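Each remark here refers to the structure printed beneath this line.
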Amino acid sequence: MMFVETIADNVTDWVPRLLVGLRSTFGLTAGGFCLAFVLALLIEYLRSRRNPALRLIARLYIAFARGVPVLVILYLLYFALPGAGITLSALSAGTIGLAAVSGAYLAEVFRAGLSAIPTGQREAALASGMTPFQTFRLVLLPQAVRHTIAPLLINLVSLLKDSSICALIAVPELTLVSREIMSESFMPLSVFALTALLYFALAWPASLVARALEQRLHRPAAERDRGRSKRPAVEVTAVG
Amino acid sequence: MSDALPGLIAEALLTGALVTVNVTAGALTVALAIGMALAAAAVMTNNRMLQTTIRVYVEALRNVPSLTFLFLLYFGLASLGIRLPSMLAAIVGLGLIGGAVTVDIFRSGFLSVPAGQSEAAASIGLTPFVAFRLIVFPQGLRLALPSLGNYAVALVKDTSLVAAIAAPEIMFNARQLVNETFETALIYGSAALVYLVLTGAVAQFTSLVERRLEVR
């Protein structure tokens, strides 16, 4: 098959370059996710305040970050900010842009995780003499984590996929490298298939784990203990 | 020159928005058709071959970036001699990706309809197909609607990627105008506003439909 041959012939040339691109993809994904995590905590903190102005800021931010394409945010950060005297490297603009979007989604994940806990849990903890902080750390947080791990993984996969958009602001990540190789080799089918395969190899395991966790979580407790279920889980769909 | 600028921006973004709406509508149609057909077939027949095929399709397309897939479709097929126009590649590409998203949404919608509904339908003598069409499908559709709305909003945003395969949508036009005028912040800021209006409209429309279909 011609397709396999072209890949085999060029693998020694392409793979090292794609792996260099992959390193930037990793950087964007990992850096973006860490920043997004912190941002999401901040948004959740603002939302939990009584001050209506702070809550409005958080709400407007989420509406903006979720209503505008990643590409627009990247263009604003990379091309428009220098006009205001702030010049970011492509890599930092990419990382910040991805985090800005992902943070808004993670904030919703955190909120959903906390609101999935029955209010009785908090009330019981407080009634038994725990301080609010102890209540949060010992009672609410452990239960919220159970509900957030799967959606966090799904968002991580989304972030990995979105990192490809940074190619359009010239971050030398996987997709940009594959475009460069394509324009030299004129073998777009093999190059992009190989690239897609690399993304898939990273994203698929995480997706599988996320789904397994999700199905565990949606099982009723009795069935979970027996370790089997025929009940299909309603899937949480990643968007973005 | 600067007097003409607002007009230029409005023209570029509005003609772009028209293309964005077209790509969204086209891809949404493709995605809903694929998702609905596959999910209905999977729920009704329980055929293992079909289940596996759907799984492979869903996993393959949901774990690869849209941009990479669009490049594969647009440049890859061109190298095989199949040169798709960029609009068609955009609609087919985003539609195929969307099908992988909606098939799961539809399926969990259909499966969330209580089993008693199809049992009752069978007990009054409806054939499995009629029971699905009249009983399970309408209820499942209603359950799937919020997720479908989220998908539609995400799709509007994803259409910005087809600028990279030269479909003249909002970002493509914005970029060209920036190259001519250097009004970077103004133009990309306005583009953000146009997207906010579009995604807001889609979200509003979905919640309107949801409210109309609510069981009272």
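Proteins get letters first, then strands, A, B, ... in listed order; numbering begins at 1 in each. As the structure is a prediction and not an experimental result, all values here were calculated from the model.
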Check: CZ of B:Phe69 to OG of A:Ser164: how many Å apart, nearest 0.5 Å?
Finding: 13.5 Å
Check: Any donor-acceptor pair under 3.5 Å linking the side chain of B:Thr199 with the backbone of A:Gly67?
Finding: yes
Check: Going from CG on B:Leu77 to CG on A:Leu189, what distance comes out if it is rounded to the nearest 0.5 angstrom?
Finding: 7.0 Å
Margin query: Only pairs of heavy atoms separated by less than 4.5 Å count here; which of B:Ala203, B:Ala174, B:Gly76 has the most with chain A?
Written below: B:Gly76
Next item on the list: Side-chain contact test, heavy atoms from C-beta onward, threshold under 4.5 Å: evaluate it for A:Leu174 versus B:Thr68 and give yes or no.
Entry: no
Checklist line | Residue, of A:Val157, A:Leu168, A:Leu81, that accumulates the most heavy atom pairs under 4.5 Å with chain B | finding: A:Leu168
Note to self: Can you tell me how far apart CH2 (A:Trp204) and CG (B:Asn63) are? Round to the nearest 0.5 Å.
What the structure shows: 8.5 Å
Note to self: For B:Glu210, is the CD atom crowded, meaning more than 12 foreign heavy atoms sit under 6.0 Å from it?
What the structure shows: yes
Note to self: Rounded to the nearest 0.5 Å, what separates atom OG1 in A:Thr195 from atom CG in B:Leu72?
What the structure shows: 9.0 Å
Check: Would you call A:Thr175 and B:Phe71 a side-chain contact if the rule is heavy atoms closer than 4.5 Å?
Finding: yes
Note to self: Could you check whether any side-chain N or O of B:Lys157 sits under 3.5 Å from a backbone N or O of A:Leu71, counting only pairs where one atom can act as donor and the other as acceptor?
What the structure shows: no
Next item on the list: With rounding to the nearest 0.5 Å, note down the distance linking CG in B:Leu193 to CZ in A:Phe64.
Entry: 9.0 Å
Checklist line | Minimal non-hydrogen separation, A:Phe200 against B:Val64, with atom names | finding: CB-CG2, 4.1 Å
Notebook entry, point to check: Which bit of B:Arg175 comes within less than 4.5 Å of chain A, counting heavy atoms only: side chain, backbone, both or neither?
Noted result: side chain
Item checked: Residue pair B:Ala185 / A:Ala80: nearest heavy atoms and the distance that separates them -> CA-CB, 3.6 Å
Checklist line | Side chain, backbone, both or neither of A:Ala63 within contact of chain B (heavy atoms, under 4.5 Å) | finding: backbone
Notebook entry, point to check: With distance as the sole test, does A:Lys161 use its side chain to make a donor-acceptor pair with the main-chain N or O of B:Leu67 at under 3.5 Å?
Noted result: no
Margin query: Under a 4.5 Å cutoff for heavy-atom pairs, which residue among B:Glu183, B:Met171, B:Arg107, B:Glu59 has the most contacts with chain A?
Written below: B:Glu59
Margin query: Using a 6.0 Å cut-off, check whether atom CZ of A:Phe26 has over 12 heavy atoms from anything other than its own residue.
Written below: no
